[in-house]
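First up is the structure itself, then whatever we jot down about it.
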Amino acid sequence: MSARDQLTDGLYGLGWSTVKRLPEPVAVRLGRSLADLAWKRRGKGVQRLESNYARVVPDASPERLAELSRAGMRSYLRYWMESFRLPAWSPERVASGFQPEGLHHLTDGLAAGKGVVLALPHLANWDLAGAWATTALGLPFTTVAERLKPETLYDRFVAYREGLGMEVLPHNGGTAFGTLARRLRDGGLVCLVADRDLSASGVEVEFFGATARMPGGPALLAQQTGALLLSATLWYDDSPVMRGRIHPPIPVPESGTRAERTSVMTQALADVFATGIADHPEDWHMLQRLWLADLEPAKGPE
């Protein structure tokens, strides 16, 4: 492991071991201070975040984009402070930390016994939403985690999410897909963050007026297993409680090839994601390249 990888792994380990012991008001202030420091330094991630916001809010002035990126970094660090502290939260704190609308779409879908695929963008704190599902609703579910470097950091994330009650599979193509399909056929719940393609072979969608690629996995799983495809969007307000909305089901088209049906369903997901992001752009934590026009041909996504 390189010195940089050791430092990265050590910093995350310090976060999970130390931040969770801080009183909540102290953790909140620390997160905001770190966010403001990162924003003032205007590193690569902050610049990319601001560039992405320029597509979401195309008529924003430079001053408005700067305000958005500062708010976005504060939201991003709130995500991290909460994530570091989630393992130490009581069940009561987890249950009171999230209030979703449209929950009946999820519970009705699971009650039908056909399984549910729930797709989300990188909005607010998807880990908190997952912990709430396993704690407040008693709903176990399966998800997929991106392979991170160093490997020890990936192991930390897997252990963290498994500690919250999730089954975590590595993002390695067919093996994960087969397991997800089995869980759905058994009537289970699969949750996938699905606004950024990690394979470079995703489905092209129109997103805020330009072309991006998003994973076709949620739509393919719904078609192959008969599971219900749902989407959810999340956001923060000025309270300690995260808000969210579970949107109506996305139907499988009655005609077309599998690829054509997947394209239609993935575009429908992208449209729902865009609505949630447009309503709360500062809570969209996209610090990487997303749109095809922004990708560097020689390197691919950041």
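In this text, all values refer to a predicted model and were calculated from it rather than measured experimentally.
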| said: Keeping S51 on the side-chain end and Q47 on the backbone end, is there a donor-acceptor pair under 3.5 Å? | reply: no
| task | Find the distance between CD (E206) and OG1 (T211) and round it off to the nearest 0.5 Å. | result | 7.0 Å
| Short side-chain to backbone donor-acceptor contact, N125 and D127, under 3.5 Å | yes
| query | Taking the six-membered ring of Y236, is the NZ or CZ of R78 close enough (under 6.0 Å from the centre) and on axis enough (within 45°)? | reply | yes
| task | Side-chain contact test, heavy atoms from C-beta onward, threshold under 4.5 Å: evaluate it for L123 versus I277 and give yes or no. | result | yes
| message | Could you check, using the six-membered ring where one of them is a Trp, whether Y53 and W284 have ring centers closer than 6.0 angstrom? | response | no
| In terms of side-chain geometry, is the basic nitrogen of R64 or D59 positioned less than 4.0 Å from the acidic oxygen of its partner? | no
| task | Evaluate side chain to side chain donor-acceptor pair (under 3.5 Å) for R258 paired with Q223, printing each intermediate quantity in order. | result | CA-CA 8 Å; R258 185 172 72 167; Q223 292 176 66; 5.8 Å; no
| remark: Only residue of D271, T233, T275, L230 satisfying side chain to side chain contact (heavy atoms under 4.5 Å, CB included) with H247 is T233
| task | Nearest 0.5 Å please: distance from the NE2 atom of H285 over to the CE atom of M73. | result | 9.0 Å
| task | Enter the distance from M214:CE to T266:OG1 here, rounded to the nearest 0.5 Å. | result | 9.5 Å
| query | Is it true that the side chains of D283 and Y76 contain a donor and an acceptor less than 3.5 Å apart? | reply | no
| task | For T143 and E167, test the side chains for any donor-to-acceptor distance below 3.5 angstrom and give the result as yes or no. | result | no
| field | W132 side-chain N/O to V94 backbone N/O, donor-acceptor pair under 3.5 Å | value | no
| query | Is E101 salt-bridged to R243, cutoff N-O under 4.0 Å? | reply | no
| field | Flag, side chain of R261 to backbone of V252, donor-acceptor distance under 3.5 Å | value | no
| said: Which label fits H280 and W235: parallel for a plane angle under 30°, tilted from 30 to 60°, or perpendicular past 60°? | reply: parallel
| said: Please tell me whether N52 and W291 have a donor and an acceptor in their side chains that are separated by less than 3.5 angstrom. | reply: no
| query | Between R70 and W39, is NZ or CZ placed under 6.0 angstrom from the six-membered ring centre and within 45° of the ring axis? | reply | yes
